**Q** 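Handing you this structure, nothing more for now.
Residue indices begin at 1 and follow the sequence shown. From a predicted model like this one, the values you see are computed outputs, not experimental measurements.
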Amino acid sequence: AVRGGLWLATLPGIAGGGQLHVELGWRSWFELRAGVLGGRGGQRPLGSGTVELGLVAGRVDACFGVLRRRLRPRLCIGPAAGGFQAQGRGFEEATSSAFSPWAAAAAAVELRIAATKVFAVDVTLDAVIPFFKPVVAVRDKDKPGMIGDALTFSPIGVVIGLGGAFTIR
C-alpha cells in the first residue's frame, strides 16, 4: 500500500507525508503489516531564525477487519520508531541541524474500497502517540545557558491519509 497524508500535530503544526507498507494476511480477519513513514513540515519561526522538521520511521501493525463485498473496514495498531531531524536557518550558533530518536504508538481506523481484483483505494485516520516528546530549542543569546525559544511536540498527532493498495495472490 502507498499513501499520502496530511499530518496534524504529528510534527509541530501541519505537515505532509507518506507511507509505504507491505501486508501479509493468512486469515480473513487479520493482517500483519510492516512499512515506513515519512513527513516534512514547512518552515517555522524559532528564535532569530527558522526551522524545518522532518520525520522518518519504521512501523509494524496488527490489523483486524472484516470483508463486506467491496469494503474492508479495519483497525490497525502497533509501534513506530525512527528519528526526526530539525534543520535550522538564520542562527548564529555553529550547529544548525539536529537528529533525535522518536518512538510512538499508532492506531489507525481504515477503510479499503476494492476497485478491481488487484487494486483498492485506502482512506485512513491514524492517531500517533509519541512515547516521549522531543523539544527543539534555541538558547537565549542574552542569558547564557537559558532557553530563548522552543518548539514542542503535541501529546497526540493525527494523520489523514489517502492511497492505494495492490494485492498479489
Side-chain angles (χ1 to χ4, degrees), residues 1-44 51-87 97-136 151-169:
V2 177
R3 298 183 188 137
L6 179 65
W7 294 20
L8 308 171
T10 307
L11 291 169
I14 297 174
Q19 300 182 41
L20 176 64
H21 299 283
V22 175
E23 301 174 6
L24 177 62
W26 57 90
R27 297 276 188 244
S28 63
W29 53 272
F30 178 77
E31 290 99 21
L32 189 59
R33 173 171 75 187
V36 295
L37 59 97
R40 191 141 193 90
Q43 288 189 353
R44 305 215 10 140
V51 67
E52 272 187 66
L53 300 173
L55 174 67
V56 176
R59 179 173 174 177
V60 177
D61 290 294
C63 298
F64 306 89
V66 294
L67 182 58
R68 299 287 183 238
R69 294 186 186 197
R70 298 172 63 122
L71 300 178
R72 181 161 175 74
R74 305 193 296 181
L75 173 67
C76 298
I77 55 173
F84 89 93
Q85 181 179 18
Q87 180 71 42
S97 87
F99 184 83
S100 179
W102 178 87
V109 177
E110 303 182 357
L111 180 61
R112 181 163 283 172
I113 305 161
T116 68
K117 288 182 180 183
V118 295
F119 179 74
V121 175
D122 286 345
V123 179
T124 65
L125 179 65
D126 294 66
V128 180
I129 305 155
F131 294 130
F132 50 89
K133 295 188 315 178
V135 175
V136 179
L151 288 175
T152 59
F153 282 61
S154 174
I156 186 166
V158 174
V159 177
I160 301 167
L162 179 64
F166 291 94
T167 302
I168 300 171
R169 296 186 191 271

**Q** Would you name the heavy atoms of Ala114 and Ala120 that are closest together and state the gap between them?
**A** CA-CB, 3.9 Å
**Q** Got a second to check how far Leu8's CG is from Leu6's CG, nearest 0.5 Å?
**A** 4.5 Å
**Q** Measure the shortest side-chain to side-chain distance between Arg33 and Cys76 over non-hydrogen atoms and say whether it is less than 4.5 angstrom.
**A** yes
**Q** If the test is ring-ring contact (aromatic ring centres under 6.0 Å, His included), which one of Phe99, Phe132, Phe153 qualifies with Phe84?
**A** Phe153
**Q** Would you say Val36 and Val56 make side-chain contact, with heavy atoms under 4.5 Å?
**A** no
**Q** So does Ala15 get a backbone contact from the side chain of Arg40, meaning a donor-acceptor N/O pair under 3.5 Å?
**A** no
**Q** Residues in side-chain contact (heavy atoms from CB on, under 4.5 Å) with Ala57, at least two apart?
**A** Leu37, Trp102
**Q** Which heavy atom in Leu53 sits nearest to a heavy atom in Leu11, and how many Å separate them?
**A** O-CD1, 3.7 Å
**Q** Of all residues at least two apart in sequence or in a different chain, which pass the salt bridge (Lys or Arg N to Asp or Glu O under 4.0 Å) check with Asp126?
**A** Arg59
**Q** What is the minimum heavy-atom distance between Glu23 and Ala1, and which atoms define it?
**A** OE2-CB, 4.3 Å
**Q** Quick one: are Val66 and Pro73 in side-chain contact, heavy atoms under 4.5 Å?
**A** yes
**Q** Looking at every heavy atom in both Ala165 and Arg112, which two are closest together, and how far apart are they?
**A** CB-NH2, 3.4 Å
**Q** Tell me, please, which residues at least two apart from Arg3 pass side-chain hydrogen bond (donor to acceptor under 3.5 Å, both in side chains).
**A** Glu110, Asp122
**Q** Does Val128 form a side chain to side chain contact (heavy atoms under 4.5 Å, CB included) with Trp7? I'd like the steps, not just the answer.
**A** CA-CA 10 Å; Val128 180; Trp7 294 20; over 6 Å; no
**Q** How close do Leu75 and Val109 get, counting heavy atoms only, and between which atoms?
**A** CD1-CG2, 4.4 Å
**Q** When the ring planes of Phe30 and Phe64 are compared, do they come out parallel, tilted or perpendicular, using 30° and 60° as the limits?
**A** tilted
**Q** Please tell me whether Gln19 and His21 have a donor and an acceptor in their side chains that are separated by less than 3.5 angstrom.
**A** yes
**Q** Assess whether side chain to side chain contact (heavy atoms under 4.5 Å, CB included) is satisfied between Thr124 and Val159, documenting all intermediate values.
**A** CA-CA 8 Å; Thr124 65; Val159 177; 5.6 Å; no
**Q** Is the backbone of Gly157 close enough, under 3.5 Å, to the side chain of Ser154 for a donor and an acceptor to pair up by distance?
**A** no
**Q** Rounded to the nearest 0.5 Å, what separates atom CG in Leu55 from atom CD in Gln85?
**A** 11.0 Å
**Q** For Ile14, is the CD1 atom crowded, meaning more than 12 foreign heavy atoms sit under 6.0 Å from it?
**A** no
